[in-house]
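Treat the numbers as computed from the prediction; the structure is a model and nothing was measured. Reminder, nothing fancy here: chain letters follow the sequence lines and each chain counts from 1. For the numbers below, each heavy atom of this structure counts, side chains included, while hydrogens, waters and symmetry mates do not.
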Amino acid sequence: MPELPEVETTRQGLLPVMVGQVIRQASVNRPDLRWPLPPDMATRLTGARVLALRRRSKYLLADLDTAETLLIHLGMSGRMLISGQALGVFHHDHPAPLKHDHVVLQMETGARITFNDARRFGAMDLMATAKVDQHPLLARLGPEPLGNAFDEAYLAARLHGRATPIKSALLDQHIVAGLGNIYVCETLFRTAIAPQTLARAITPDQVARLVPAIRAVLREAIESGGSSLRDFRQTDGALGYFQHRFQVYDREAEPCPVCQTPIARLVQSGRSTFHCPTCQR
DNA sequence: ATGGGGGCCTGCCGGC
DNA sequence: TGCCGGCAGGCCCCCA
């Protein structure tokens, strides 16, 4: 579910209850997420103070005063929920334990942070902070799409010669890190590029449209609080609103907002692509 | 090396 | 009402 904007809004929701605060008690209800959790994870988290909460691509990184960093990936259905009393604010999204509450961080402030993930495609791991960017899940990621390293020259070089459709190339986290199915579909619509176009056939003009369009769609989604599909909620239980602004994603057969042609769905590398066959060439 | 498909796991929705 | 197939925001791994 969560793509870069949803992870970023989750991070922003967690900031006030995590950063500077001590984990009084960490507990693990299910250690078998996408990979087994470190067997001593709860022990290594308990008593630690969170120094910073960062985001790299779709990963949350909580730096601890133990010189370790907690990596969190939400997979398809993962959520971080806050409940309890903290810093004068009562959070009530999630007062009672639910099915699929796999990891709970009870903070000294009284806040409770719960990782809930029905499908268990999510993941957590601990790694020395000094080496966290060498973690196998992070080491080979492409640049942040909102960062300076992502520009026209870079993207053109990475698309050069590739025989894969542009849709698949933009989903490849090694090319650019953080886009998922929704925001790739929206970006290709905004840039009027057909999703089947091979990466190697993308013109310089199209590259020049893609870079700012990717940035814009991500920024707008973050400002809207992300997208709430199938129950995705922010940490405080609030819904994101960007889904109302999807122009093509999940809108098969609805009229294109530009030309009224019915939005089409096709499957590329096993994933649905929504597009306007008239506008996108 | 690169691209495509399978698989991981649970829940929901539509059709019969 | 109940069952079944299809689908879902991600991503690693294996095979050709």
| query | Looking at A:D133, A:D125, A:D63, which one forms a side chain to side chain donor-acceptor pair (under 3.5 Å) with A:T69? | reply | A:D63

| request: Answer with base, sugar-phosphate or nothing: what part of the nucleic acid does A:L171 contact at a heavy-atom distance below 4.0 Å? | output: nothing

| request: Please work out if A:S168 contacts a base, only the sugar-phosphate, or nothing of the nucleic acid, heavy-atom cut-off 4.0 Å. | output: nothing

| Just checking A:R34: base, sugar-phosphate only, or nothing, at a heavy-atom cut-off of under 4.0 Å? | base

| task | Please state whether the rings of A:F115 and A:H102 are parallel, tilted or perpendicular, taking 30° and 60° as the class boundaries. | result | tilted

| message | Using a 4.0 Å heavy-atom cut-off, does A:R140 contact any base of the nucleic acid, only the sugar-phosphate backbone, or nothing at all? | response | nothing

| request: Look at A:R162 and B:dG3 and indicate whether a side-chain polar atom (N or O) is within less than 4.0 Å of OP1 or OP2. | output: yes

| request: Side chain of A:H73 only, please: which of B:dG4, C:dC7, C:dG10 is the nearest? | output: C:dG10

| Below 3.5 Å, does any donor atom in the side chain of A:R120 face an acceptor in the base of B:dC9, or the other way round? | no

| remark: note: A:R158, atom CZ; B:dA1, atom C1'; distance rounded to Å ~ 12 Å

| CZ of A:R119 versus P of B:dG7: gap in Å, rounded? | 15 Å

| request: Please tell me if the side chains of A:V17 and A:T109 come closer than 4.5 Å, counting only heavy atoms from C-beta onward. | output: no

| task | Take atom P in B:dG7 and the same atom in C:dG5, then report the distance between them in whole Å. | result | 16 Å

| message | Both distances below 3.5 Å, Watson-Crick or wobble geometry, any strand: find the nucleotide opposite C:dT1. | response | none

| said: Can you confirm if the aromatic rings of A:F189 and A:F246 lie within a centre distance of less than 6.0 Å? | reply: no

| message | For B:dG7, give the paired nucleotide (Watson-Crick: N1-N3 plus N6-O4 or O6-N4; G-U: N1-O2 and O6-N3; both under 3.5 Å), or none. | response | C:dC11

| field | Rounded distance in Å between the P positions of B:dC9 and C:dC3 | value | 23 Å

